[in-house]
Amino acid sequence: MRIFNAIRPLKKDEKIPYKLLLLADPSKELIDQYLAVSTLYIAEEAGVVYGVYVLTPIDSNIAEIKNISVDESHQGKGIGTLLLRHAEDTAREKGYKTLIIGTGNSSIGQLYLYQKMGFEICGIKKDFFIINYKKPLWENHIQCKHMILLSKTL
Ligand SMILES: CC(C)(COP(=O)(O)OP(=O)(O)OC[C@H]1O[C@@H](n2cnc3c(N)ncnc32)[C@H](O)[C@@H]1OP(=O)(O)O)[C@@H](O)C(=O)NCCC(=O)NCCS
């Protein structure tokens with residue numbers, strides 16, 4: 001599995017791929033906050049980064065995928081699925097028992113993908129996107145207001 005093997009942590013001296021991170025999360029301020037306490041993994045080929053995910057420790061048992069993103073020209077080819085599998089393997093290897101991921105109430109495709117991958121809805125952060133983002137967010141003709149939390153036992 002060539003792509004899977006191309007996923008690796010970003011090195012300290014490498015450029016942070018903000019363009020990709022901002023596809024999943026429009027707040028650079030929030031991205032910088034969680035990057036400070038997380039590991040950023042990239043899928044890269046010939047110097048071009050086309051996928052990312054951010055793994056954040058919550059406590060000794062729980063890790064969270066704070067951001068997952070695939071370059072628009074590469075979406076729909078199974079890379080997001082591979083990044084999720086990689087995140088699961090990485091979190092399990094690091095000793096975490098549960099992996100969580102949050103997404104907006106309007107992110108229908110993402111809710112489909114995460115549940116298809118075995119994540120189950122475990123909570124909701126009411127008004128998260130209204131409180132934490134300056135501008136209203138809309139997707140699929142639905143206002144993105146709440147964060148839906150999903151978890152998977154590793
Ligand atoms: C979400 C994302 C990472 C998925 O990556 P991907 O490489 O496109 O995902 P895959 O190709 O592995 O797709 C797996 C399945 O999920 C579906 N899917 C994934 N994202 C979808 C979306 N945004 N809308 C509709 N369907 C989607 C695919 O159609 C596919 O369905 P299938 O298996 O029945 O064919 C990617 O769409 C993306 O970067 N989106 C923008 C950033 C974002 O929203 N990140 C998540 C924030 S919570």
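As the structure lists them, so they are numbered: ligands from 1, and atoms in each ligand from 1. Predicted model, so just to flag it, every value in this text is computed and none were measured.
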Counting C-beta onward and ignoring hydrogens, is there a side-chain heavy-atom pair between Tyr34 and Asp25 closer than 4.5 Å? yes
Any donor-acceptor pair under 3.5 Å linking the side chain of Glu14 with the backbone of Lys11? yes
Where does ligand 1 get N/O contacts under 3.5 Å from the protein, atom by atom?
| unit_1 | atom_1 | unit_2 | atom_2 | d |
| --- | --- | --- | --- | --- |
| ligand 1 | 7 (O) | Gly80 | N | 2.8 |
| ligand 1 | 8 (O) | Gly76 | N | 2.8 |
| ligand 1 | 11 (O) | Gly76 | N | 3.4 |
| ligand 1 | 11 (O) | Lys77 | N | 3.2 |
| ligand 1 | 11 (O) | Gly78 | N | 2.7 |
| ligand 1 | 12 (O) | Thr81 | N | 3.0 |
| ligand 1 | 12 (O) | Thr81 | OG1 | 2.5 |
| ligand 1 | 33 (O) | Lys116 | NZ | 2.3 |
| ligand 1 | 34 (O) | Tyr112 | OH | 2.4 |
| ligand 1 | 34 (O) | Lys116 | NZ | 3.4 |
| ligand 1 | 39 (O) | Val70 | N | 2.7 |
| ligand 1 | 39 (O) | Val70 | O | 3.3 |
| ligand 1 | 39 (O) | Gln75 | NE2 | 3.4 |
| ligand 1 | 44 (O) | Gln110 | NE2 | 2.7 |
| ligand 1 | 45 (N) | Ile68 | O | 2.8 |

Given salt bridge (charged side-chain N to carboxylate O under 4.0 Å, His left out), test Asp32 with Lys28 step by step and report yes or no. CA-CA 6 Å; Asp32 284 335; Lys28 183 170 180 292; 3.0 Å; yes
Apply salt bridge (charged side-chain N to carboxylate O under 4.0 Å, His left out) to residues Glu120 and Lys152 and explain how you reach the verdict. CA-CA 6 Å; Glu120 287 193 21; Lys152 182 168 180 173; over 6 Å; no
Lys145 to Phe128 six-membered ring, cation-pi geometry met (6.0 Å, 45°): no
If hydrophobic clusters are built from ILVMFWY residues whose side chains come within less than 4.5 Å, do Ile7 and Tyr96 share one? yes
